[in-house]
A.B. asks: 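Take a look at this one; I'll ask things after.
No experiment lies behind these values; they were computed from the predicted model shown.
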Amino acid sequence: QAQLVESGGGLVQAGDSLKLSCAASGRPFSRSTMAWFRQAPGKERELVASLIWSDASTYYGDFVKGRFAISRDNAKNTVDLQMNSLKPEDTAVYYCAASSTVISARREYEYNYWGQGTQVTVSS
């Protein structure tokens with residue numbers, strides 16, 4: 001059974017860096033689009049970044065503005081999100097997701113596998 005498990009969340013100060021990791025297991029993800037979404041309290045879930053596993057091409061939400069980087073490790077079967085210059089508005093639960101059906105998926109409903117989420121809190 002496919003499983004995505006996030007790790008690396010925590011409490012940091014504004015300007016700090018944090019790296020999230022998503023361990024994928026249970027099925028091949030080599031033809032999937034992987035992504036990180038986030039959901040802040042009272043807000044809709046939004047796409048942070050996505051990556052096509054086969055060629056590592058990436059897409060970022062406008063609010064990232066060069067601060068975050070998504071990458072994959074074929075050997076470990078993980079997808080990471082390096083977050084730099086964190087701001088209080090980055091505070092949210094961050095979810096790892098995979099789409100096995102839509103290449104370059106951008107919308108939440110296009111993703112059919114989800115992790116449980118990891119909390120990121122950025123204090124000012």
Side-chain angles (χ1 to χ4, degrees):
Q1 187 166 351
Q3 190 174 21
L4 302 175
V5 179
E6 304 96 338
S7 61
L11 172 63
V12 297
Q13 293 186 334
D16 285 352
S17 297
L18 201 60
K19 184 176 182 179
L20 305 182
S21 186
C22 172
S25 63
R27 72 177 301 279
F29 286 94
S30 58
R31 296 184 179 183
S32 298
T33 297
M34 308 297 294
W36 286 94
F37 284 80
R38 71 183 187 184
Q39 186 168 23
K43 295 188 177 181
E44 294 186 352
R45 194 174 297 187
E46 62 182 350
L47 177 63
V48 177
S50 64
L51 174 147
I52 299 175
W53 196 295
S54 59
D55 64 7
S57 58
T58 59
Y59 169 85
Y60 294 94
D62 290 341
F63 58 86
V64 170
K65 294 182 180 179
R67 299 183 297 128
F68 297 178
I70 188 172
S71 61
R72 56 114 164 89
D73 186 321
N74 284 327
K76 296 180 179 179
N77 224 35
T78 59
V79 177
D80 297 332
L81 183 69
Q82 177 67 46
M83 304 186 293
N84 300 322
S85 302
L86 283 162
K87 306 174 181 180
E89 50 263 44
D90 293 318
T91 295
V93 177
Y94 284 71
Y95 297 90
C96 179
S99 174
S100 63
T101 58
V102 180
I103 298 298
S104 293
R106 302 277 175 85
R107 293 172 173 76
E108 185 177 349
Y109 65 82
E110 295 175 325
Y111 286 82
N112 49 340
Y113 298 102
W114 290 86
Q116 292 299 307
T118 185
Q119 177 70 46
V120 172
T121 303
V122 184
S123 64
S124 58

A.B. asks: Where is the tightest heavy-atom contact between S124 and P88, given as atom of each residue plus distance?
C.D. replies: CB-CG, 3.8 Å
A.B. asks: Can you name the closest pair of heavy atoms from S21 and T78 and give their distance?
C.D. replies: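 The pair with the smallest heavy-atom distance is OG-CB, 4.0 Å.
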A.B. asks: Mind checking the CG-CH2 spacing from N74 to W53? Nearest 0.5 Å is all I need.
C.D. replies: 6.0 Å
A.B. asks: Return yes if some donor-acceptor pair links the side-chain N/O of E6 with the main-chain N/O of Q116 below 3.5 Å, else return no.
C.D. replies: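 Checked: pair present.
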A.B. asks: Find the distance between CZ (R67) and NZ (K87) and round it off to the nearest 0.5 Å.
C.D. replies: 4.5 Å
A.B. asks: Please report the shortest heavy-atom distance between Y60 and A69, naming the atom on each side.
C.D. replies: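 It is OH-CA, 3.3 Å.
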A.B. asks: I would like to know whether V79 and I70 meet side chain to side chain contact (heavy atoms under 4.5 Å, CB included); could you show each step before the answer?
C.D. replies: CA-CA 7 Å; V79 177; I70 188 172; 3.8 Å; yes
A.B. asks: Please check if L47 and L51 belong to a single hydrophobic cluster, counting links between Ile, Leu, Val, Met, Phe, Trp and Tyr side chain heavy atoms closer than 4.5 Å.
C.D. replies: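 No: no chain of side-chain contacts under 4.5 Å links L47 to L51.
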A.B. asks: If you look at every heavy atom in S100 and N112, which pair is closest and at what distance?
C.D. replies: OG-ND2, 2.7 Å
A.B. asks: Nearest 0.5 Å, what's the CD-CD1 distance between E110 and I103?
C.D. replies: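 Reported value, rounded in 0.5 Å steps: 11.0 Å.
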A.B. asks: Of all heavy-atom pairs between S17 and V12, which one has the smallest distance, and what is that distance?
C.D. replies: O-CG1, 4.4 Å
A.B. asks: So do the side chains of L86 and F68 get within less than 4.5 Å of each other, counting heavy atoms only?
C.D. replies: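 In short, these two side chains touch, coming nearer than 4.5 Å.
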A.B. asks: Using modelled atom types only, decide if a donor and an acceptor are shared between the side chain of T118 and the backbone of Y94 within a distance under 3.5 Å.
C.D. replies: no
A.B. asks: So, taking the atom named CZ in F37 and the one named CG in L81, what distance separates them when rounded to the nearest 0.5 Å?
C.D. replies: 12.5 Å
A.B. asks: What are the two closest heavy atoms between A40 and A92, and how far apart are they?
C.D. replies: N-CB, 3.8 Å
A.B. asks: Given the rule in the side chain to side chain contact (heavy atoms under 4.5 Å, CB included) test, do Y59 and V64 qualify, once you have shown the distances and angles that lead to the verdict?
C.D. replies: CA-CA 10 Å; Y59 169 85; V64 170; over 6 Å; no
A.B. asks: So with a 6.0 Å cut-off around CZ of R31, is the heavy-atom count from everything else above 12?
C.D. replies: no
A.B. asks: Are more than 12 heavy atoms from other residues, nucleotides or ligands located less than 6.0 Å from atom CD of E46?
C.D. replies: yes
A.B. asks: What's the separation between atom CG in L11 and atom CD in Q119, rounded to the nearest 0.5 Å?
C.D. replies: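 That separation rounds to 9.5 Å.
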A.B. asks: Side chains of D16 and V122: does their closest heavy-atom pair fall under 4.5 Å?
C.D. replies: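 Of all side-chain heavy-atom pairs linking V122 with D16, none is under 4.5 Å.
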A.B. asks: Within the structure provided, determine whether S50 and Y111 are in side-chain contact (heavy-atom separation under 4.5 Å).
C.D. replies: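 The answer is yes, as the side chains (C-beta and beyond) meet within the 4.5 Å cut-off.
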A.B. asks: From L20 CG over to M83 CE, what is the distance, rounded to the nearest 0.5 angstrom?
C.D. replies: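 One finds 4.0 Å between CG of L20 and CE of M83.
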A.B. asks: Do V48 and Y95 come close enough that some side-chain heavy atom pair is under 4.5 Å?
C.D. replies: no
A.B. asks: Closer than 3.5 angstrom, by distance alone: can the side chain of N77 be matched with the main-chain N or O of A24 as a donor-acceptor pair?
C.D. replies: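 The answer is yes, because a donor-acceptor pair under 3.5 Å joins these two groups.
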A.B. asks: Test your reading of the model: is there a side-chain donor-acceptor pair from Q3 to the backbone of G26, 3.5 Å cut-off?
C.D. replies: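 Such a contact is absent between Q3 side chain and G26 backbone.
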A.B. asks: Check whether any side-chain heavy atom of S32 lies under 4.5 Å from a side-chain heavy atom of R27, and answer yes or no.
C.D. replies: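 The answer is yes, as the side chains (C-beta and beyond) meet within the 4.5 Å cut-off.
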A.B. asks: Report yes or no: do L18 and W36 belong to one cluster of Ile/Leu/Val/Met/Phe/Trp/Tyr joined by side chain heavy-atom distances under 4.5 Å?
C.D. replies: yes
A.B. asks: Taking atom types as modelled, find out whether Q82 and D80 have a side-chain donor-acceptor pair closer than 3.5 angstrom.
C.D. replies: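 Distance-only check fails for Q82 and D80.
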